[in-house]
Amino acid sequence: MIDDIWNCLRRVREAAPLVHNITNFVVMNNTANALLAAGASPVMAHAPEEVEDFVAISGALVVNIGTLSSDWIAAMRLAALKAGAAGKPWVLDPVGVGATAFRSATAAVLVEIGPTVVRGNASEILALADAATEATRGVDSTVSSDLSLEAARRIAAVTGGVVAVTGATDYVTDGRDVHALRNGDAMMGRVTGLGCSASALVGAFLAVEPDPLLATTAALAVFGVAGEIAAENAPGPGTLQLRLYDTLYALDRQALQSRLRLD
Amino acid sequence: MIDDIWNCLRRVREAAPLVHNITNFVVMNNTANALLAAGASPVMAHAPEEVEDFVAISGALVVNIGTLSSDWIAAMRLAALKAGAAGKPWVLDPVGVGATAFRSATAAVLVEIGPTVVRGNASEILALADAATEATRGVDSTVSSDLSLEAARRIAAVTGGVVAVTGATDYVTDGRDVHALRNGDAMMGRVTGLGCSASALVGAFLAVEPDPLLATTAALAVFGVAGEIAAENAPGPGTLQLRLYDTLYALDRQALQSRLRLD
Amino acid sequence: MIDDIWNCLRRVREAAPLVHNITNFVVMNNTANALLAAGASPVMAHAPEEVEDFVAISGALVVNIGTLSSDWIAAMRLAALKAGAAGKPWVLDPVGVGATAFRSATAAVLVEIGPTVVRGNASEILALADAATEATRGVDSTVSSDLSLEAARRIAAVTGGVVAVTGATDYVTDGRDVHALRNGDAMMGRVTGLGCSASALVGAFLAVEPDPLLATTAALAVFGVAGEIAAENAPGPGTLQLRLYDTLYALDRQALQSRLRLD
């Protein structure tokens, strides 16, 4: 599988796919930088007047509900519907779903449109599957990703797509097959928006690889390995974030292969 | 007092309090990273539909009027009123108050709700106290913090809370007692939004320490010492900002104690 | 000309001019940091209630349509008209013009107001001149800057101002004279928003230098040289961005002079 994963990254670097992001204010800059470092070409645009035009020229769409507001929901819906109609893959990152009724209602509306991939932490995936027994705690995860694998399968059954639960172990499932990734570093949780950047990278990989299970697994593998390298000997999260971009930019097959922990 | 200050930081790291920020677009990412590096758990959300829900599950609220617009003011008011009703501490950062009539009117409305802590630079505190003899110059301070201590006392008399004036010397007062902190570095003024990050850190400390004079002093002490360490031998503000997160993450009691300059 | 360029930077550092930015969410933080590192004083504000007040107290205005929405267009127009009426220089950065009809219509409206300087990449300048034979590809340039020099001249003929096309070679023209700059590094394209930061720096230089051809050339020269130094031996775009702020902060005349490639 290392060949498939590496080829995904290689194709992103060669094709520099346009990835249209409707994402939150907190992570826009970092998401764009992660995409650029990995070789993709980000566009951030949210006006209802133009989101369909951008979806039309993009290789993939990423919708992230982090700093949600009512006027953005209309744009998210328009863009997601356009992606569906145009056969473009799209990713939903349901940030903080379950924390408020507003978020849960919005996420439910978007899930119904049928995202190609949903990526969230364990609390979010549980909430999204309406299976949460605990309320989510802001945007941080309080439930282990293992417990939410069953919730991920249920979401996949509804969307017909892929669902990824990221945490100490990342699970990627299309409802039948499951890939488990054990890369990354705990310090990554001390940098804001790395989950959002991972979702954006999934978008970039979907733009070059038609199999969403492979594209998602490859994107999370590359991101986890890069994060792990970036965290090594880092005195803190500032250095980690800087090195993450450097590593995404320079990552070679050898480093990816030697570190990948995939079941 | 070093024991009290250190214990505040220790409790933030242990409790990882949720801090709800309604803040400006410029600093959202940095504020979130500063909170995460210090051990807190940030949430950024501004929709009127959900701000009260987030205040209800948060340990503190931070309201920052940096990139103000009319539709955000309603959310700020709702959140501040909810904080008051729920007995949650909240911080007001009146960015650029005095620079425009719009800002001054908004800040006045928010001050009336009674923030637990107000943090601003000298120009802002003077303007907020309606004692400014000079107009503020954008978001930068043109008045020394010393001159504004009297204005800070007057604001504290109105809110019944704590007011902090930050600058070369930081003053923290509840209207009677005054703490003066002389940490930090002039190069910090060459990184955008460090004042906003300091305000957010005050929110995190308020979430774990009920005495707002202590919580505010402790947060500004930790931030000033971390900034000072980050600035040492830094060739410029890029390096300073990176190291600030690393230092907030790794700061130990020994470094805090040996550098603290508190009267 | 090195004397003139150096003197522009020196005056920015001495005067710390207030530069009012109405810019996109992706780059607000970086733009502010680039301005601060270079010695200017940024303000970011977009509310129609106050943009005219900020223009009135600023040395220059920068309008950037990156993350455009209808409610921001009104503020951009108000601010640009106020700049014209008050005799303040202003910069238009038409991000992504040509990619969507919404962007092209907005850019056309703003160009009519007569920006002192327009800065864009080759695709944007071609689209803005209605001379594009290819659609722009998101916010990245797919046309060499050489091809767009003629388009730049045509825009300058309309606005009566200066137009800059940035790329491997930067061209700056007032419709007659042309300056060509060959500084910078290809890796700069892997950091989001450096073009936006260059536009903001043009604003800072316009605030201290009345000749827009000189101010624009000087700002792009300083930015290109700083980027080039920052890219040297950088393992990736994370390090480049960090060093860019450090270099803008510390750049001396000797480094500027020895590296400047200006025709």
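These numbers come from a predicted model, not from an experiment. What you see below is based on every heavy atom in this structure, not just the backbone, and it leaves out hydrogens, waters and symmetry mates. Within every chain, numbering begins at 1; the chains are lettered A, B, ... in the order of the sequence lines, protein sequences first and strands thereafter.
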Quiz item: Heavy atoms under 4.5 Å from chain C: which residues of residues 193-204 of chain B carry them?
Solution: none

Quiz item: Is the shortest heavy-atom distance from the side chain of Pro237(B) to the side chain of Asn33(C) under 4.5 Å?
Solution: no

Quiz item: Quick one: are Asn29(B) and Asn29(C) in side-chain contact, heavy atoms under 4.5 Å?
Solution: no

To the nearest 0.5 Å, what is the distance between [atom1] on [X] and [atom2] on [Y]?
X: Glu50(C); Y: Leu68(B); atom1: CD; atom2: CG; result: 6.0 Å
X: Ile73(B); Y: Glu49(C); atom1: CD1; atom2: CD; result: 7.0 Å
X: Thr239(B); Y: Arg243(C); atom1: OG1; atom2: CZ; result: 9.0 Å
X: Asn30(C); Y: Thr192(B); atom1: CG; atom2: OG1; result: 10.0 Å

Practice problem: Please assess Tyr245(C) against Arg190(B) for the test side-chain contact (heavy atoms from CB on, under 4.5 Å), listing each intermediate value before the final yes or no. | Solution: CA-CA 9 Å; Tyr245(C) 303 130; Arg190(B) 293 281 148 199; over 6 Å; no

Quiz item: By a 4.5 Å heavy-atom criterion (distance strictly below it), what part of Ala250(C) contacts chain B: side chain, backbone, both, or neither?
Solution: side chain

Of all the heavy-atom pairs spanning [X] and [Y], show the shortest one and how long it is.
X: Ala99(B); Y: Ile57(C); value: O-CD1, 4.4 Å
X: Phe102(B); Y: Ala47(C); value: CE2-CB, 3.5 Å
X: Leu242(C); Y: Gly238(B); value: CD1-O, 2.8 Å
X: Leu36(C); Y: Val191(B); value: CD1-C, 3.7 Å
X: Gly236(B); Y: Asp246(C); value: C-OD1, 2.9 Å

Exercise. Mind jotting down which residue pairs meet the ring pair (Phe, Tyr, Trp, His ring centres under 6.0 Å) criterion with at least one end in residues 16-38 of chain C? Sequence neighbours excluded, please.
Key: Phe25(A)-Phe25(C), His46(A)-Phe25(C), Phe25(B)-Phe25(C), His20(C)-Phe54(C), Phe25(C)-Trp72(C)

Quiz item: If you count the non-hydrogen atoms of other residues, nucleotides and ligands that lie under 6.0 Å from CZ in Arg77(C), is the total more than 12?
Solution: no

Quiz item: For chain B, which of Ala38(C), Gly39(C), Ala45(C) has the most heavy-atom pairs under 4.5 Å?
Solution: Gly39(C)

